[in-house]
J.: 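The structure that follows is given in the form of structure tokens.
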Amino acid sequence: MHLIVETLFTVILVLYYLIESIVWTFLPNSWRYKDVQNQTVLITGAGSGLGRLLAFRFAKLGCATVLWDIDSKGNAKTAAEIKQRYNSECLTYTVDLSSKESIYETANKVKEDIGEINILINNAGIVTGKKFMECQDALIEKTFQVNTSAHFWTTKAFLPRMLKLNHGHIVNIASAAGLTGVTGLADYCASKFAVVGFTESLSMELTSLEKTGVKTTVVCPYYIDTGMFKGVKTKFPEILPIVTPEHAVDRMMDGILSNKSEVWIPRSLYVLLSVKGLLPTKCQALLSQFFGISNCMDEFVGRE
Ligand SMILES: NC(=O)c1ccc[n+]([C@@H]2O[C@H](COP(=O)([O-])OP(=O)(O)OC[C@H]3O[C@@H](n4cnc5c(N)ncnc54)[C@H](O)[C@@H]3O)[C@@H](O)[C@H]2O)c1
């Protein structure tokens with residue numbers, strides 16, 4: 001009897017959540033944006049690309065920003081622009097995210113300097129862009145340290161306070177390469193699949209701890225024109241465009257402010273990757289070839 005009641009209850013809730021999600025599809029997300037004014041946002045990899053643009057957006061919304069990067073010059077440039085444009089509080093820290101010690105040490109400094117972090121954005125990332133057997137071991141290790149392990153250490157450093165307050169947000173910038181394999185990106189894909197798994201598991205843990213005030217978002221973009229994937233080609237730009245950094249950051253902000261658990265960019269990924277899951281492996285390989293995923297990295301140059 002107990003199981004029958006539980007099953008009925010689950011079915012009703014599933015239907016309710018389905019209807020809720022369908023209704024939201026037709027309503028502007030901005031209706032459910034949260035107010036982040038006066039919150040403190042920490043962004044890793046804020047010295048260039050998406051990290052810099054995210055820092056500008058949060059500063060514009062009235063947040064204090066804490067910028068982490070190994071590139072102190074790039075980070076200082078982001079901070080100078082924030083102070084000039086928005087006159088808001090902004091602190092910079094030079095930190096090597098491939099070092100756990102450097103992360104914990106810097107996290108302690110941040111806590112002393114500014115106190116709690118309300119929104120943590122794990123954005124910094126690197127790519128080797130070589131075929132698997134050509135990737136040096138040291139580069140594979142570095143990719144995992146920066147793209148994956150760093151997220152564990154930053155989260156361990158700042159989550160306890162969020163749990164105490166039952167308020168906060170952990171945002172992890174993964175990749176579409178964290179949802180499907182790509183030729184020439186074995187180490188990068190594996191590091192980003194791990195980020196997707198980490199965020200999903202963390203979200204489940206928070207739910208089971210009834211810490212529903214602490215949100216998680218994992219962002220999975222296809223290629224973005226920041227320079228990180230310089231040289232990459234897309235076969236069907238109408239379906240899978242290389243998006244502008246501004247568009248990517250618009251979608252990221254929209255997802256973060258409306259507490260979405262996942263943001264895939266561009267939206268065509270929702271269709272393509274859902275279909276992929278239903279197909280036999282041979283069809284998946286064929287479609288990967290057809291959509292150019294198997295050779296999009298052929299002319300990869302990346303950052304110098
Ligand atoms: N650009 C794309 O096409 C694309 C696509 C999907 C996902 N992403 C992801 O988005 C995130 C941001 O990418 P981006 O395009 O802005 O890249 P980017 O190269 O412009 O910026 C990355 C930043 O991370 C910093 N960084 C690198 N190693 C570091 C380390 N050891 N310690 C501290 N900081 C370090 C760099 O100095 C740089 O400022 C990355 O996680 C990337 O994997 C990018």
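Because only heavy atoms are used, hydrogens play no part in the values below, and waters and symmetry mates are left out as well, while side chains stay in. First listed ligand is number 1; within each ligand, the first listed atom is number 1.
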J.: Considering only heavy atoms, does Asp96 approach ligand 1 within less than 4.0 Å through its side chain, its backbone, both, or neither?
T.: both

J.: A side-chain contact here means heavy atoms from C-beta on lying under 4.5 Å apart; do Val41 and Asn118 qualify?
T.: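 A side-chain contact under 4.5 Å is absent here.
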
J.: Where the side chain of Asp96 meets the backbone of Ser98, is there a donor-acceptor pair that is under 3.5 Å apart?
T.: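 Yes; judged by distance alone, with no hydrogens or angles, the pair exists.
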
J.: Heavy-atom contacts with Ser175 under 4.0 Å: which atoms of ligand 1 show up? List them by number with element.
T.: 6 (C), 7 (C)

J.: Measure from the side-chain N and O atoms of Thr44 to the backbone N and O of Trp68, and report whether any donor-acceptor pair falls under 3.5 Å.
T.: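 Not confirmed, Thr44 side chain does not pair with Trp68 backbone.
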
J.: Tell me the protein heavy atom at minimum distance from atom 17 (O) of ligand 1, and give that distance in Å.
T.: Met228 SD, 3.6 Å

J.: Just by distance, do the side chain of Thr180 and the backbone of Ala177 share a donor-acceptor pair under 3.5 Å?
T.: no

J.: Tyr188: heavy atom below 4.0 Å from ligand 1, yes or no?
T.: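 In this structure, Tyr188 qualifies as a contact of ligand 1 - some heavy atom is under 4.0 Å.
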
J.: What is the closest protein heavy atom to atom 14 (P) of ligand 1, and at what distance does it sit?
T.: Thr226 OG1, 3.7 Å

J.: Is it the case that more than 12 heavy atoms not belonging to Lys230 sit under 6.0 Å from its NZ atom?
T.: no

J.: Just by modelled atom types, is the Glu116 backbone N or O under 3.5 Å from a matching donor or acceptor in the Arg161 side chain?
T.: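 Side chain of Arg161 to backbone of Glu116: no pair is present.
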
J.: Measure the distances from the heavy atoms of Ala176 to every atom of ligand 1 and state whether one is below 4.0 angstrom.
T.: no

J.: Could you list the atoms of ligand 1 found under 4.0 angstrom from a heavy atom of Tyr223?
T.: 3 (O)

J.: Between Val146 and ligand 1, which residue portion shows a heavy-atom distance shorter than 4.0 Å: side chain, backbone, both, or neither?
T.: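 Side chain only.
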
J.: What do we get for Cys220 next to ligand 1 when only non-hydrogen atoms under 4.0 Å count, side chain, backbone, both or neither?
T.: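 It is neither part, as no heavy atom is under 4.0 Å.
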
J.: Do any nitrogen or oxygen atoms of Leu50 come within less than 3.5 Å of a nitrogen or oxygen of ligand 1?
T.: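 Such a contact does occur with ligand 1.
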
J.: Name the closest protein heavy atom to atom 35 (C) of ligand 1, giving the residue it belongs to and the distance to 0.1 Å.
T.: Ile70 CG2, 3.7 Å

J.: For atom CD of Glu246, is the number of surrounding heavy atoms from other residues, nucleotides or ligands below 6.0 Å larger than 12?
T.: yes

J.: Nearest non-hydrogen contact with atom 21 (O) of ligand 1 belongs to which option: Ser98, Ala124, Gly49, Ser48?
T.: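 The nearest heavy atom belongs to Ser48.
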
J.: For atom 3 (O) of ligand 1, what is the closest protein heavy atom, and at what distance to 0.1 Å?
T.: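 Looking only at protein heavy atoms, the one closest to atom 3 (O) of ligand 1 is Ile224 N, 2.7 Å.
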
J.: Rounded to the nearest 0.5 Å, what separates atom NZ in Lys192 from atom CG in Leu179?
T.: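 With rounding to 0.5 Å, NZ (Lys192) is 11.5 Å from CG (Leu179).
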
J.: Considering only protein heavy atoms, which is closest to atom 30 (C) of ligand 1, and at what distance to one decimal place?
T.: Leu97 N, 3.6 Å

J.: For Lys235, look at atom NZ and say whether over 12 heavy atoms of other residues, nucleotides or ligands are found less than 6.0 Å away.
T.: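 Above 12, so yes.
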
J.: So, taking the atom named OG1 in Thr199 and the one named CG in Asn172, what distance separates them when rounded to the nearest 0.5 Å?
T.: 4.0 Å

J.: Students should be able to answer this: which protein heavy-atom is nearest to atom 11 (C) of ligand 1, and at what distance?
T.: Asn123 O, 3.0 Å

J.: Here's one to test your reading of the geometry: is the NZ or CZ of Lys111 within 45 degrees of the ring axis of Phe158 and under 6.0 Å from its centre?
T.: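 Because its charged atom sits under 6.0 Å from the ring centre and within 45° of the axis, Lys111 does stack over Phe158.
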
J.: Yes or no on side chain to side chain donor-acceptor pair (under 3.5 Å) for Asn75 and Thr92, after CA distance, side-chain angles and deciding distance?
T.: CA-CA 7 Å; Asn75 222 12; Thr92 56; 5.1 Å; no

J.: Under 4.0 Å from any heavy atom of Gly45, which atoms of ligand 1 are there?
T.: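 Those of ligand 1 that fall under 4.0 Å from Gly45 are 23 (C), 24 (O), 25 (C), 39 (O).
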
J.: Quick one: does Asp71's side chain have a donor or acceptor within less than 3.5 Å of a partner on Gly74's backbone?
T.: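 Confirmed, Asp71 side chain pairs with Gly74 backbone.
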
J.: Measure the spacing between OH of Tyr188 and OG1 of Thr128 and express it to the nearest 0.5 Å.
T.: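 Here the interatomic distance stands at 10.5 Å.
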
J.: If the cut-off is 4.0 Å to any non-hydrogen atom of Gly47, which atoms of ligand 1 fall inside it?
T.: 39 (O)

J.: Ile126 heavy atoms, cut-off 4.0 Å: which ligand 1 atoms fall inside?
T.: 27 (C), 28 (N)

J.: Arg52 near ligand 1, heavy-atom distance under 4.0 Å?
T.: no

J.: What closest approach, in Å, do Ala59 and Ile82 show between heavy atoms, and which atom pair accounts for it?
T.: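 Scanning both residues completely, I find the closest heavy atoms to be CB-CG2, 3.8 Å.
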
J.: In terms of residue, atom name and distance, what is the protein heavy atom nearest to atom 22 (C) of ligand 1?
T.: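 Checking every protein heavy atom, the shortest distance to atom 22 (C) of ligand 1 gives Gly125 O, 3.9 Å.
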
J.: With a cut-off of 4.0 Å, which atoms of ligand 1 are near a heavy atom of Tyr222?
T.: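 Under 4.0 Å from Tyr222, ligand 1 has these atoms: 5 (C), 6 (C).
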
J.: Does only the side chain of Arg303 get under 4.0 Å from ligand 1, or the backbone, or both, or neither? Count heavy atoms.
T.: side chain

J.: Quick one: look at Lys192 and ligand 1, take heavy-atom pairs under 4.0 Å, and tell me if it's side chain, backbone, both or neither.
T.: side chain

J.: Is there a heavy atom in Pro221 that sits closer than 4.0 Å to ligand 1?
T.: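 The answer is yes: ligand 1 sits under 4.0 Å from a heavy atom of Pro221.
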
J.: For atom 39 (O) of ligand 1, what's the nearest protein heavy atom and its distance?
T.: Asp69 OD2, 2.6 Å

J.: Any idea how Phe152 and Phe198 line up, ring-wise: parallel (<30°), tilted (30 to 60°), or perpendicular (>60°)?
T.: perpendicular

J.: Quick check on contacts: which atoms of ligand 1 are under 4.0 angstrom from a heavy atom of Val95?
T.: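 This gives 32 (N), 33 (C) as the contact atoms.
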
J.: In terms of atom number and element, which parts of ligand 1 are under 4.0 angstrom from non-hydrogen atoms of Ile173?
T.: 9 (C), 10 (O), 11 (C), 41 (O)

